[in-house]
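Following: one structure in structure tokens, then a few remarks.
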Amino acid sequence: MKQTAALLYPRSTAARQAVSLDGMWKFRLDPQGSGVAEGWKDGIGAKDTLPVPASFQDFFTDKASREYTGDFWYETEFFVPPEWKGKAVYIRFGSVTHRGTVFVNGAEITRHEGGFLPFAADITEAAHYGGANRLVVLVNNELSETTQPVGRTETKPDGTKIARPYFDFFNYSGIQRPVRLLALPKTTITDISLIPRITGDKAELEYAVETVVGTTVETAVGTVAETEADARLTVLDEEGRVVAEGQGAKGVLSIPNPRLWNVRDAYLYRVWVRLYRDGELLDEWYEDTGLRTVEIRGTEILLNGKSVYLKGFGKHEDADVIGRGYSPAHIKRDFELMKWTGANSFRTSHYPYAEEVYQMADREGFLVIDEAPAVGLFDSTSNFLAANRGQKKVPFFDKPGTAAELLENHLQAVRDMIRRDKNHPSVIAWSLFNEPEDTSDAAVPYFKAVFDAALNCDPQKRPRTFATVLFNRPDTSKGCRFSDFICLNRYYGWYVLGGYDMDIAEQALRNEIEGLKAQNLGKPFVFTEYGADTDGGLHKLPSVQWTQEYQTEVLEMNHRVFDRYDFIRGEQVWAFADFQTGEGIYRLDGNKKGIFTRQRQPKAAAFYLKQRWENLPENYKTPVQV
Ligand code: GCB
């Protein structure tokens, strides 16, 4: 997606207006795929309404609606004030999963592929000013081997389509994040990049502002573009005091007496960007950011030059009734629970989350591994089972006909994710895949392209990584060489040697880590998944698998091993809360590896984790500096 002023986080300022279009929209499934031919772009002819934003699946009481795969349509009406004439008018979608086509007053405005990042439709020409406008969105949630996330779509004998995800979460879809109507100036700020630098007790903020000149003037030689506008920056501290000012599209601001952004001790500066021409304010927008650096040095992860040990979770955006829909209430509750456990970090498994999640992480001082929606690059509808047992390896990147298109979609998602999230102090790393099948040589150019794209797009040059499954050990994986630190998803005590074999599981985990130690890669390792499915109501003494006692024992066993190795620099349990998956005999109405239930109440292991993490210093495993 080309960067436009409309992709910046939507906020009203003196020069911009952002109006919410969230609410009840008309909704209609299109099982015959007849909506296009029947002209639903001019009105979908539905009586049914449902809330936007939300996933559509869990509102209905019949299976066919919940499992629906294919095209479905939304419709709403909005009013454009007459005084917006002359402005650039957009509709911005936080996400439409997995792809959408936007029609305004019957005209197709834009199409977008990829369900977890924002896009905008320019409706300046199509809008009726001073009147009602019809917005219709055609959404499609089919999976394929070229889309992100990866899966396939099958057709049952009666013609019904069915999604077969290659990943372990329900294929929730729809207009899942907020929708905003925007009025923007024609000469605008389209982007800002911020790079904090810290030396001793001094801090600088390097910046680059991108703008477009959107107006023309009549001159003696004809109509020419208006002269460049002048960018001015003002940095405010949390008390609203001006601490630095700058002029020009690029520059370096020095911040006096800087308060650094630290883990669980955040401090945010507000960077206002204003565009002027001849003293007239044309556009203004702000970004909240923090002063911090991130670096990998040897086997350490350094924040502001100090070692940090990651404690936290792999998560999902997932809740009762709204599915993967944006829920500020759940965002708030999740952060409160994470703080209560003593966590300091999480991974946005397995896709970029709503923008508001990162804003809260910025505010709360959480460290985020931001993950691209590249999950399921492994040919199996139960990859988490097969892969975690080291079975069924299908060289994914060797497949003729799919890799090139997959790569194109993957690169787009990586670029869009980094452009959206690059200024968040909370984002300390990019995770570019979850558990790809990367043991064949064809993985090498694919990985190189993805890792290079991430480096090129990120002004802060953050560390890059991906989450590895059992068979992606540094000696078998072709991808690990690209990672700045190595993330391990490992299920010793669950998929590998569970129950009464826990002692053998512990030995097997130690053997694997001894093998890693012997390779002496000089990089940090982080466990980004480990855990056990646990029924929130089941207790047994002595434990058996699925009980709350057993979940704690699996965590204890893993921690006993992690604690022995200094190059293990983090532990993120799978998962924060129970979440919905497709149905099947290996899932009890969803994945139950949550430390919290889906309703965000603690299982017994939550109290154990709290006790451990509250007693682990943020710089755990760092020799004390005297
Ligand atoms: C994994 C996947 C995650 C699954 C998990 C599990 O390796 O990354 O998406 O949910 O295993 O519980 O099987």
Side-chain angles (χ1 to χ4, degrees), residues 1 3-23 25 52-53 76-95 102 104 109 117-124 126-133 135 175 177-192 194 207 209-212 214-215 229-236 238 240 242 268-277 280-289 326-328 331-332 354-360 362-363 419-421 423-424:
M1 183 110 247
Q3 179 66 20
T4 67
L7 283 181
L8 296 177
Y9 189 73
R11 37 176 78 104
S12 295
T13 68
R16 296 177 169 227
Q17 269 133 302
V19 177
S20 174
L21 297 186
D22 297 349
W25 290 30
V52 168
T76 193
E77 248 192 8
F78 62 95
F79 180 83
V80 179
E83 59 273 19
W84 284 13
K85 195 132 194 126
K87 294 190 182 293
V89 182
Y90 287 88
I91 300 171
R92 182 191 195 271
F93 295 84
S95 72
V102 179
V104 169
I109 308 293
L117 288 160
F119 68 97
D122 183 348
I123 62 161
T124 312
H128 298 154
Y129 293 84
N133 292 265
L135 168 62
I175 303 181
R177 294 188 189 148
V179 186
R180 299 276 182 275
L181 177 65
L182 302 175
L184 306 173
K186 289 210 166 150
T187 294
T188 54
I189 302 153
T190 50
D191 203 5
I192 177 163
L194 300 167
Y207 73 88
V209 176
E210 284 173 28
T211 55
V212 291
T215 47
D230 201 22
R232 288 190 215 155
L233 274 85
T234 311
V235 183
L236 305 178
E238 284 190 359
V242 175
L268 296 178
Y269 288 91
R270 179 157 293 181
V271 182
W272 275 99
V273 193
R274 294 190 172 88
L275 273 190
Y276 290 94
R277 188 186 292 122
E280 184 199 350
L281 177 72
L282 301 176
D283 191 13
E284 66 166 18
W285 189 76
Y286 68 80
E287 182 88 302
D288 286 335
T289 198
Y326 168 68
S327 164
I331 295 174
K332 176 63 181 165
E355 290 151 292
E356 294 77 4
V357 174
Y358 304 80
Q359 291 168 359
M360 192 166 279
D362 290 346
R363 204 154 284 289
R419 195 169 44 210
R420 191 192 70 162
D421 297 340
N423 294 326
H424 288 290

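In this text the structure is predicted, and so the values were computed from the model without any measurement.
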Compare every heavy atom of [Y] with every heavy atom of [X], then report the nearest pair and how far apart it is.
X: Tyr326; Y: Pro178; result: CD2-CG, 3.6 Å
X: Lys87; Y: Thr124; result: O-CG2, 3.3 Å
X: Arg420; Y: Pro118; result: CD-CD, 3.5 Å
X: Pro81; Y: Tyr129; result: O-CD2, 4.0 Å
X: Glu284; Y: Ala14; result: OE2-N, 2.9 Å
X: Ala127; Y: Val80; result: CB-CG2, 4.3 Å

Passing candidate, side-chain contact (heavy atoms from CB on, under 4.5 Å) with Ile91, options Val104, Val19, Leu182: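 Testing each of Val104, Val19, Leu182 against Ile91, the sole residue satisfying side-chain contact (heavy atoms from CB on, under 4.5 Å) is Val104.
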
Do [X] side-chain atoms and [Y] backbone N/O form a donor-acceptor pair below 3.5 Å?
X: Thr188; Y: Thr190; result: no
X: Asp22; Y: Val179; result: yes
X: Asn423; Y: Thr289; result: no

Basic-acidic side-chain contact under 4.0 Å: Arg92, Glu355: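 A salt bridge is present here (some side-chain N lies under 4.0 Å from a carboxylate O).
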
Between Asp283 and Arg16, is a side chain to side chain contact (heavy atoms under 4.5 Å, CB included) present by the stated rule, with each step listed? CA-CA 7 Å; Asp283 191 13; Arg16 296 177 169 227; 2.8 Å; yes

